Amino acid sequence: MLSKLADSTPAMPGLMLASAAGSDSQRTLYPYVTGTSVVGIKYKDGILLAADMGGSYGSTLRYKTVERMKPVGKHSIIGASGELSDFQEIMRYLDELILNDNMWDDGNSLGPKEVLNYLTRVMYNRRNKFNPLWNSLVLGGIKNGKKYLGTVSMIGVHYEDNHVATGFGNHLARPILRDEWHDDMTFEEGVKLLEKCMRVLLYRDRSAVNKLQFHSETLINVNDKLLLLSTAFEWLSKMPKFYTHKQIAKITEEGVTISQPYSLKTFWGFSAFQNPTVGAEGSW
Amino acid sequence: MCRTCVAIAGADYCVIAADTRMSTGYSILTRDYSKIIQLADKSVMASSGFQADVRALQKVLAARHLIYQHQHNKQMSCPAMAQLLSNTLYYKRFFPYYAFNVLGGLDSEGKGCVFTYDAVGSYERVGYSAQGSGSTLITPFLDNQLKSPSPLLLPAKDAVTPLSESEAIDLVKTCFASATERDIYTGDKLEILVLNASGIRREYMELRKD
């Protein structure tokens, strides 16, 4: 009977058999624990990535200390939105990729463009098998002085640009970046711009949490690294009671720097919010 | 998704053009994405459609061309590449590459040739072609300007345009400027490749960004 079904619909015999055998449980149908937007920009010395540390379970903001950005090899950082377990799977693939690359021991190492190309092939092939890795990935890095920032989605669509974002970031952050991004921004300008984007996302994306991580990949010297860390601590000490974690990580040609988590200052004191019922008799 | 491409064949040149916008739904993903790839010395392909499939198709063709070069010690001619593209597309007849291609180049006599395809590989050599979302706006205009002879005529009349190279380029620029006005998916920047006896040349033109 099963083989008859397969013959009569030559289009996707594998799929027919799989569903008929009840193995829909073997494919990704929808995501469960998800991360929201990742935003990335190129700046003078390299790449800056920002993402919050939230993992939502549907409409519940379930996990608030999820690192959605990780360094990859010597030259790159990956940021992921979407299904977090699939991101962990992707990290396993990348660990294997980097391990094999190191085992060659030939003085060469995979740069960000190569890593993103590998990921694009992985995402596309999984999509073709109707079993996608439900993620949108941002990959940035710097190798031999050349900056690279690109992204790939769960269906394998990929592109590179001076600024990228996933999910809601495409709608809320990209317009800001299109307006205000320019070549050769300094680190401080870059962080300020990303903070502006993340603040808008915090206000308007219901799955965002006020606990952010920044990753940067740069070409600067050790003193600046120290400056970054101390700035992060300064921000930390000025944090109001309802803390939110934002981490800034910097990857330079010399290595990865990840700052302590810190939070964004937000303002909710608009007069219209203060006594919302004052104009509406009988309301509560 | 990538959206509009055009190619025009001339007596001794070929013009292939595509916009550089990549969009999904109502969002623009990037304004600077090239849809044109040079597959061989004298073959250039422009594709619109689903970007991931287009990219995979480009890689398959590039790999096949490399193998051909190793086996035959020469570049693939444009008509040969045209047949290869058709076969590659039909190979996935039951899970197609969602790609709408135009292949442009010079044939073995040095005359311009343009081949136009659907997503599953049916193809035809023509004097000019447009594919993608802007094609419905561009094709009628090209029909009017290039006065394509009826394919029913006997003896068959050559569809290659008598226009000069610079006239053809201007025509292409006009096509895209017009398509950009009315098609939301077309715009940002126009990339034009010109193939002729002296080699290959790239030109860019800004388009409306809205």
Side-chain angles (χ1 to χ4, degrees), chain A residues 6-16 37 39-42 113 116-130 132-133 136-138 148-175 177-179 181 183, chain B residues 1-3 18-37 46-63 88-100 119-121 132-133 184-185 187-189 191 206-210:
Chain A
D7 284 322
S8 61
T9 46
M12 287 174 252
L15 187 63
M16 284 297 301
S37 337
V39 188
I41 57 171
K42 281 188 190 167
K113 194 174 170 105
L116 185 64
N117 196 37
Y118 168 79
L119 287 172
T120 307
R121 290 300 108 215
V122 169
M123 304 300 273
Y124 181 65
N125 276 290
R126 290 287 297 255
R127 167 259 182 197
N128 282 348
K129 293 194 272 201
F130 292 89
L133 289 160
S136 288
L137 306 170
V138 170
Y148 183 87
L149 180 63
T151 180
V152 60
S153 78
M154 72 187 244
I155 48 175
V157 171
H158 89 98
Y159 59 94
E160 42 172 308
D161 209 338
N162 294 319
H163 44 77
V164 296
T166 66
F168 259 92
N170 262 317
H171 293 106
L172 297 171
R174 287 307 281 294
L177 293 169
R178 286 205 178 107
D179 207 21
W181 183 91
D183 245 329
Chain B
M1 305 313 126
C2 325
R3 292 305 175 164
D19 69 332
T20 62
R21 172 179 287 178
M22 183 153 97
S23 49
T24 176
Y26 285 116
S27 295
I28 296 176
L29 293 176
T30 183
R31 298 189 192 275
D32 201 8
Y33 185 82
S34 176
K35 308 181 189 38
I36 307 182
I37 184 177
S47 319
S48 63
F50 175 43
Q51 189 263 350
D53 276 348
V54 165
R55 193 79 192 93
L57 179 65
Q58 288 174 347
K59 280 171 167 261
V60 166
L61 292 171
T88 308
L89 292 168
Y90 196 78
Y91 193 75
K92 288 207 351 129
R93 168 67 177 79
F94 300 112
F95 186 16
Y97 289 111
Y98 194 86
F100 302 97
V120 285
S133 63
I184 60 171
Y185 297 115
D188 290 333
K189 204 162 71 170
E191 183 183 11
E206 292 295 313
L207 295 171
R208 282 181 69 149
K209 302 189 185 317
D210 61 357

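Please read all numbers here as calculations on a predicted model, not as lab measurements. Here is how names work: the chains are called A, B, and so on, in the same order as the sequence lines, proteins then strands, and each is numbered from 1.
- No side-chain donor from either of A:Asn170 and B:Ser27 sits under 3.5 Å from a side-chain acceptor of the other.
- For residues 52-60 of chain B, the interface with chain A (any heavy-atom pair closer than 4.5 Å) comprises B:Ala52, B:Asp53, B:Arg55, B:Ala56, B:Lys59, sorted by residue number.
- Only the side chain of A:Asn117 has a heavy atom closer than 4.5 Å to any heavy atom of chain B.
- Applying the side-chain hydrogen bond (donor to acceptor under 3.5 Å, both in side chains) rule to pairs touching residues 89-98 of chain B yields nothing, sequence neighbours excluded.
- Looking at B:Phe50, only its side chain comes within 4.5 Å of chain A, counting heavy atoms on both sides.
- Put simply, CG on B:Leu29 and CZ on A:Arg174 are 7.0 Å apart, with the number rounded to the nearest 0.5 Å.
- Within a 6.0 Å radius of NZ in A:Lys113, other residues, nucleotides and ligands contribute 12 heavy atoms or fewer.
- Remark: A:Asn128 engages A:Tyr124, B:Phe95 in a side chain to side chain contact (heavy atoms under 4.5 Å, CB included) (not counting sequence neighbours).
- The structure places OH of B:Tyr26 at 11.5 Å from NE2 of A:His171, a figure rounded to the nearest 0.5 Å.
- Residues of residues 149-157 of chain A lying under 4.5 angstrom from chain B, judged on non-hydrogen atoms, are A:Ile155, A:Gly156, A:Val157 in numerical order.
- Heavy-atom pairs under 4.5 Å with chain B peak, among A:Glu160, A:Met123, A:Arg178, at A:Arg178.
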